[in-house]
Protein chains: 2
Amino acid sequence: MVVDIKIRKKSDDLFHALADSTRRSIIRHTFEREHSVSDLARFYPMSFAAVQKHVAILERAELVTKRRSGREQLVRGNVLAVREALELLEQMEEVWRSRIDRMDQILAEDPKEGVMK
Amino acid sequence: MVVDIKIRKKSDDLFHALADSTRRSIIRHTFEREHSVSDLARFYPMSFAAVQKHVAILERAELVTKRRSGREQLVRGNVLAVREALELLEQMEEVWRSRIDRMDQILAEDPKEGVMK
DNA sequence: GATATCTACAACCATATGGTTGTAGATTAG
DNA sequence: CTAATCTACAACCATATGGTTGTAGATATC
């Protein structure tokens, strides 16, 4: 299905965006309050352009949004994308949990079955 | 601190490992039950060596463990790493939540203060 | 109007990533 | 013993990634 490809791509973007400590730091900062891009750039040991690229990756993953204010571009964290990532991980955990449930079920079955074999 | 670097690297590895749909699929499969590497390789449209590399990346992120059984290498998902990723995301969410709390606090203050200004 | 600031974006570079094929060592099956 | 299977790992390749510098357009400040 085409929709599946979209979900896959979105998850790829989401986790990829999270797989960098600078970007995780930007998320935290922009969760606290809005920051302009150059505001953020002053904070990290890299060029303005590099930070700009990190913000673009976060934006594509919808982890942050940008809003223009005069000549500044204000970046704000979007908690919904983090929730999305949490849900994806919880779905994985669910597969694991259901396996444990099945094992419990097998162990709870009448032991005679096993002994008689 | 040196410990921080370790945590950073670990988080990088963890989210990077999750940022690929083949690897997320392997996690799900090995959460259900153990699979040998060639078992997994038969399932995906790529070479054995490619799957082997994906498993290595998952192993480095501690998302799976391997156990030898004769000539086979059995791969099993490790739910603890998923929990770790969940915790990291929840910590981010916490920053956001505390900001909301602060805003609520400001809005709950005696309105006279604002009016009198 | 002139100058400084903030942003966008292109071009470039070194390294990482995700794939391939090929070779060789262990282990099992016939 | 021989053949088949499973794994490890090296070498290679195209593209992606994360950084750089430089240029140019908007906006604000003096």
Side-chain angles (χ1 to χ4, degrees), chain A residues 5-6 8-30 33-77, chain B residues 5-6 8-30 33-77:
Chain A
I5 294 168
K6 281 189 189 169
R8 177 162 57 72
K9 281 262 171 215
K10 196 168 183 178
S11 308
D12 289 357
D13 286 352
L14 191 51
F15 285 118
H16 170 247
L18 290 166
D20 181 285
S21 67
T22 301
R23 290 197 288 265
R24 288 194 300 273
S25 171
I26 291 173
I27 293 170
R28 284 168 190 278
H29 276 96
T30 57
R33 60 179 179 79
E34 280 185 329
H35 290 274
S36 72
V37 180
S38 44
D39 211 12
L40 291 168
R42 263 178 242 111
F43 201 77
Y44 301 101
M46 65 188 73
S47 68
F48 172 83
V51 173
Q52 209 177 21
K53 281 189 186 182
H54 281 306
V55 170
I57 288 166
L58 289 170
E59 211 182 352
R60 195 166 52 123
E62 294 175 56
L63 277 158
V64 304
T65 55
K66 283 198 304 191
R67 154 178 104 79
R68 192 157 215 113
S69 166
R71 66 184 164 187
E72 286 185 324
Q73 200 78 263
L74 298 177
V75 184
R76 179 200 298 263
Chain B
I5 294 168
K6 280 189 189 171
R8 179 161 57 73
K9 281 258 171 218
K10 198 168 181 177
S11 307
D12 288 358
D13 285 353
L14 192 49
F15 286 119
H16 169 248
L18 290 166
D20 180 285
S21 65
T22 301
R23 291 196 287 265
R24 288 194 300 273
S25 171
I26 290 173
I27 293 169
R28 284 169 190 277
H29 276 97
T30 57
R33 61 179 177 80
E34 280 184 330
H35 289 275
S36 72
V37 180
S38 44
D39 211 11
L40 292 168
R42 263 177 242 113
F43 203 75
Y44 300 102
M46 64 187 74
S47 68
F48 171 83
V51 173
Q52 207 176 22
K53 282 189 184 181
H54 282 306
V55 171
I57 288 166
L58 290 170
E59 211 182 350
R60 195 166 51 123
E62 295 176 58
L63 277 158
V64 304
T65 55
K66 283 197 302 189
R67 150 178 105 78
R68 190 153 218 116
S69 167
R71 67 184 164 186
E72 285 184 326
Q73 200 79 261
L74 298 177
V75 183
R76 180 200 298 262

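Excluded from the calculations below are hydrogen atoms, water molecules and symmetry mates; all remaining heavy atoms, backbone and side chain alike, are included. Lettering follows sequence order; numbering is per chain, from 1.
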Heavy atoms from C-beta onward define the side chain here; which of dG18(C), dT7(D), dT21(D) lies closest to that of A49(A)?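 Of the options given, the side chain of A49(A) lies nearest dT21(D).
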Nearest to the S38(A) side chain among dC6(C), dG18(D), dT7(D), which nucleotide is it?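 The answer is dC6(C), which lies nearest to the side chain.
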Using whole Å, report how far [atom1] of [X] lies from [atom2] of [N].
X: H54(B); N: dT7(D); atom1: NE2; atom2: P; result: 16 Å
X: L18(B); N: dT17(C); atom1: CG; atom2: P; result: 15 Å
X: R71(B); N: dG25(C); atom1: CZ; atom2: P; result: 18 Å
X: K53(A); N: dT21(D); atom1: NZ; atom2: P; result: 12 Å
X: D13(B); N: dA16(C); atom1: CG; atom2: P; result: 13 Å
X: R68(B); N: dT5(D); atom1: CZ; atom2: P; result: 17 Å
X: Q52(A); N: dA24(D); atom1: CD; atom2: C1'; result: 13 Å
X: H16(A); N: dT17(C); atom1: NE2; atom2: C1'; result: 10 Å

Give a yes or no on whether F43(A) atom CZ has more than 12 heavy-atom contacts from other residues, nucleotides or ligands under 6.0 Å away.
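Open.
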Please confirm whether the backbone N or O of A17(B) pairs with a side-chain atom of R60(B), one donor and one acceptor, at under 3.5 Å?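 Answer holds: no.
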Is [X] near enough to [N] that one of its side-chain N or O atoms lies under 4.0 angstrom from OP1 or OP2?
X: K66(B); N: dC6(D); answer: no
X: R42(A); N: dC6(C); answer: yes
X: Q73(B); N: dA8(D); answer: yes

What contact category does S47(B) fall into here, base, sugar-phosphate, or nothing, at under 4.0 angstrom with non-hydrogen atoms?
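Base, at least one base atom sits under 4.0 Å.
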- When all nucleic acid strands are considered with a 4.0 Å heavy-atom cut-off, which category describes T22(B): base, sugar-phosphate, or nothing?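 Nothing, no nucleic acid heavy atom in range.
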V51(B) and its side-chain contact (heavy atoms from CB on, under 4.5 Å) partner, picked from D39(B), V75(B), L40(B), T22(B):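 Option passing the side-chain contact (heavy atoms from CB on, under 4.5 Å) with V51(B): L40(B).
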task: Identify which one of V37(B), I26(B), V64(B) satisfies the side-chain contact (heavy atoms from CB on, under 4.5 Å) criterion when paired with H54(B).
output: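 Answer after filtering V37(B), I26(B), V64(B): I26(B).
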Problem - Interatomic distance, T30(B) atom OG1 to L74(B) atom CG [nearest 0.5 angstrom] - result: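 Reported value, rounded in 0.5 Å steps: 11.5 Å.
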Q. Of A19(A) and E72(B), whose closest DNA chain D nucleotide lies nearer the 5' terminus?
A.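 Between the two, 5'-proximity favours E72(B).
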